[in-house]
Number of protein chains: 2
Amino acid sequence: MRDVAHLAGVSHQTVSRVVNDHPSVRSETRARVLAAMRALDYQPNVAARTLATNRSQTVGLVTFDTTLFGPSFMVHAIERAAREAGYFVSIASARELNVPSVTEAIRRLREQAVEGIITLAPVAAAWTALGRSLLDVPAHVPIVGMGIDVHAMPEVPMVAVDNAAGAGLATRHLIALGHRTVHHVAGPPEWPEARERMAGWQAALEAAGLPVPRALPGDWSARSGYAAGRALAADPAVTAVFCGNDQMAIGVLRAMHEAGRAVPGAVSVVGFDDMPEAPYLQPPLTTVRQDFAELGRRSMHLLVTQIAAGVRQTGQHRSAPDLVVRESTSALAF
Amino acid sequence: MRDVAHLAGVSHQTVSRVVNDHPSVRSETRARVLAAMRALDYQPNVAARTLATNRSQTVGLVTFDTTLFGPSFMVHAIERAAREAGYFVSIASARELNVPSVTEAIRRLREQAVEGIITLAPVAAAWTALGRSLLDVPAHVPIVGMGIDVHAMPEVPMVAVDNAAGAGLATRHLIALGHRTVHHVAGPPEWPEARERMAGWQAALEAAGLPVPRALPGDWSARSGYAAGRALAADPAVTAVFCGNDQMAIGVLRAMHEAGRAVPGAVSVVGFDDMPEAPYLQPPLTTVRQDFAELGRRSMHLLVTQIAAGVRQTGQHRSAPDLVVRESTSALAF
DNA sequence: GGTCGATTTGTGCGCGCTCACTTCCGGGAT
DNA sequence: ATCCCGGAAGTGAGCGCGCACAAATCGACC
């Protein structure tokens with residue numbers, strides 16, 4: 001910077017003004033400085049700026065399992081949104097789904113002096129289980145919990161798809177097709193998304209006065225969906241299955257096929273997420289679509305607002321999902 | 001830090017020594033400092049350290065489309081490897097697949113003073129097309145190009161799966177099953193992976209003295225695989241298809257099914273990647289497995305070596321893929 | 001021509017840390 | 001008793017920048 005100032009024949013402060021688009025610099029001077037910057041291939045030193053301003057222009061992302069379709073897509077959406085908002089993004093993944101791991105990831109991020117944190121990992125359950133919460137992060141650190149459990153931590157701003165509504169959409173769709181009940185392959189209970197989808201499914205069933213079967217446990221993977229699917233396929237009473245995500249639905253589809261139960265002829269299957277492959281599965285999967293890009297933008301927005309305000313705020317945004325009907329569901333054949 | 005020093009009754013330098021595990025601190029003193037640090041909830045300021053040492057402890061990741069299975073998995077693998085090596089990771093995604101976007105992403109990373117860069121985006125084609133290369137990044141910035149084209153830029157260290165070998169494995173597997181030739185649904189030619197897989201497929205065919213059909217273009221998506229699949233399904237001469245990745249294979253599987261061509265009865269299909277869902281597709285997909293975790297570790301290793309050496313180095317690592325035979329391939333029925 | 005106010009530019013300090021160097025202290029060899 | 005040496009601790013400078021304030025410059029107006 002000193003060199004640039006020298007070459008342009010101005011003081012370092014003027015260079016600083018040019019770099020930061022300060023208004024009171026004569027355009028002629030500005031041009032001279034810009035030329036000098038270009039000539040010297042000058043690049044501002046972020047560390048120095050961070051030190052001086054106490055602002056890192058970085059937001060942290062706590063992830064857990066980015067091999068899942070949802071989270072991996074969210075990373076992308078958030079990076080985009082962050083860039084547009086003028087922030088860098090630094091990621092820290094939790095090794096496992098427990099308090100120490102998540103705490104450690106957050107610590108790493110805080111150590112980096114991120115200005116705010118967005119968490120994609122399902123922290124609620126683990127944390128509240130120990131009577132702690134994301135609030136252990138000092139209140140001046142803005143945070144947004146994507147898909148966290150708002151009941152467990154109402155103080156933490158949250159952005160999520162309306163999982164219960166989506167599950168309701170899926171379940172009612174199956175009920176409308178004449179199914180006497182709908183079975184459910186659930187995600188891991190540590191994930192609020194999983195619990196909310198299960199609750200939505202259950203509520204829809206109860207509202208229709210239908211029996212609520214026991215949900216089968218899954219871990220979001222196709223493998224677990226397959227295991228659940230085998231159990232379901234063995235029961236001739238099963239005619240409709242709502243899966244907590246598309247990947248598990250893939251497993252269920254496979255299990256049904258192996259058992260000789262046609263989809264949608266004998267059994268209807270619905271997923272959740274609408275991954276890009278969903279239309280090309282066999283059969284094309286009816287599923288609940290979430291708008292990940294929108295969620296990413298929303299969460300960055302919420303974070304930026306907090307950073308600007310300088311304090312943690314509360315606020316929740318739930319985006320409405322859509323049901324995408326394809327060929328894995330059909331009316332119950334009598 | 002000053003406060004900690006004060007509380008512990010030592011100088012700031014001693015605190016610094018404790019923080020950095022410097023050996024020459026009496027264990028008694030060290031204990032006192034540690035206690036003070038804990039009491040004050042002291043957290044070192046990375047910006048200040050970075051400014052003083054000129055080392056940011058951060059590596060940058062240039063991504064492009066993390067909704068693809070491979071890249072999304074790699075992000076995860078690299079984050080893990082980086083953490084183990086004591087680095088933070090900051091990500092920057094290229095908006096599009098062209099020189100300005102990738103340059104911009106790299107600029108953002110450099111602006112952040114990352115110590116090294118790993119690129120997951122397929123930069124080679126675009127860059128060399130303009131007679132430029134990753135080397136535009138000053139030579140003192142360590143870089144690793146995952147899956148870049150080594151012919152185009154032999155100077156840049158590279159880590160990748162041996163795509164040609166994998167394609168050969170897949171193709172020879174189909175040839176051994178008696179197929180008279182193997183068709184290919186290729187990824188976008190901008191991706192060296194796509195070109196290498198195509199080259200491997202072609203070479204295997206030629207080595208067996210079989211005709212080389214025209215490859216069908218795809219963009220890695222199931223949608224594009226489906227489009228290619230429809231064309232392939234319409235041609236009764238097609239009995240074996242090798243797809244550039246699993247997602248396109250999903251599309252091909254769907255197209256074959258719609259056209260009433262049984263897989264593997266009438267047509268055999270092979271993918272590439274071995275995504276977690278592959279065993280649960282219909283039919284379970286024969287595919288080429290790559291070890292992403294290993295690739296992530298390798299690339300971090302290569303990067304760390306360069307950082308330690310202080311100069312860009314050359315070096316290439318190709319990991320050998322495996323063929324995983326499942327049920328989407330079978331012997332040609334006469 | 002002088003004065004005032006607005007605009008533009010410069011000065012010096014400090015952000016929190018590490019580095020190079022100095023100082024201090026105690027123990028063993030001479 | 002002297003000297004030296006090595007481990008343990010302290011001192012001060014400076015990394016590159018932005019902030020608060022001071023200084024200079026420029027116009028416009030009386």
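Here the structure is a predicted model, which is why all the values come from computation and not from measurement. Chain naming here is simple, since letters A, B, ... match the order of the sequence lines and numbering starts at 1 in each.
Heavy atoms of R17(B) sit under 4.0 angstrom from at least one base atom. Within the nucleic acid shown, T29(A) comes within 4.0 Å of sugar-phosphate atoms alone, with no base atom in reach, counting heavy atoms only.
When each of dC17(C), dC17(D), dT11(C) is scored by its nearest atom to the side-chain atoms of S11(A), the top-ranked nucleotide is dT11(C). Taking every side-chain heavy atom of T53(B) into account, dT18(C) is the closest of dG16(C), dC21(C), dT18(C).
In terms of position on DNA chain C, the residue among H22(A) and N45(B) whose nearest nucleotide sits closer to the 5' end is H22(A). In terms of position along DNA chain C, the nucleotide closest to S24(A) lies nearer the 5' end than the nucleotide closest to the other residue of the pair H12(A) and S24(A).
Evaluation of atom-type donor-acceptor distances gives no pair under 3.5 Å for the side chain of R55(A) against the base of dG18(D). Looking at Q13(A), its side chain comes within 3.5 Å of the base of dC19(D) through a donor and an acceptor atom.
In terms of phosphate contacts, R26(A) brings a side-chain nitrogen or oxygen within less than 4.0 Å of OP1 or OP2 of dT9(C).
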Full working for side-chain hydrogen bond (donor to acceptor under 3.5 Å, both in side chains) between S319(A) and E294(A): CA-CA 8 Å; S319(A) 79; E294(A) 161 72 5; over 6 Å; no
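Between F69(B) and F292(B), the distance separating the two ring centers is shorter than 6.0 angstrom.
Residues R108(B) and E111(B) are not paired through a salt bridge, judged by the lack of any N-O separation under 4.0 Å between the basic side chain and the carboxylate.
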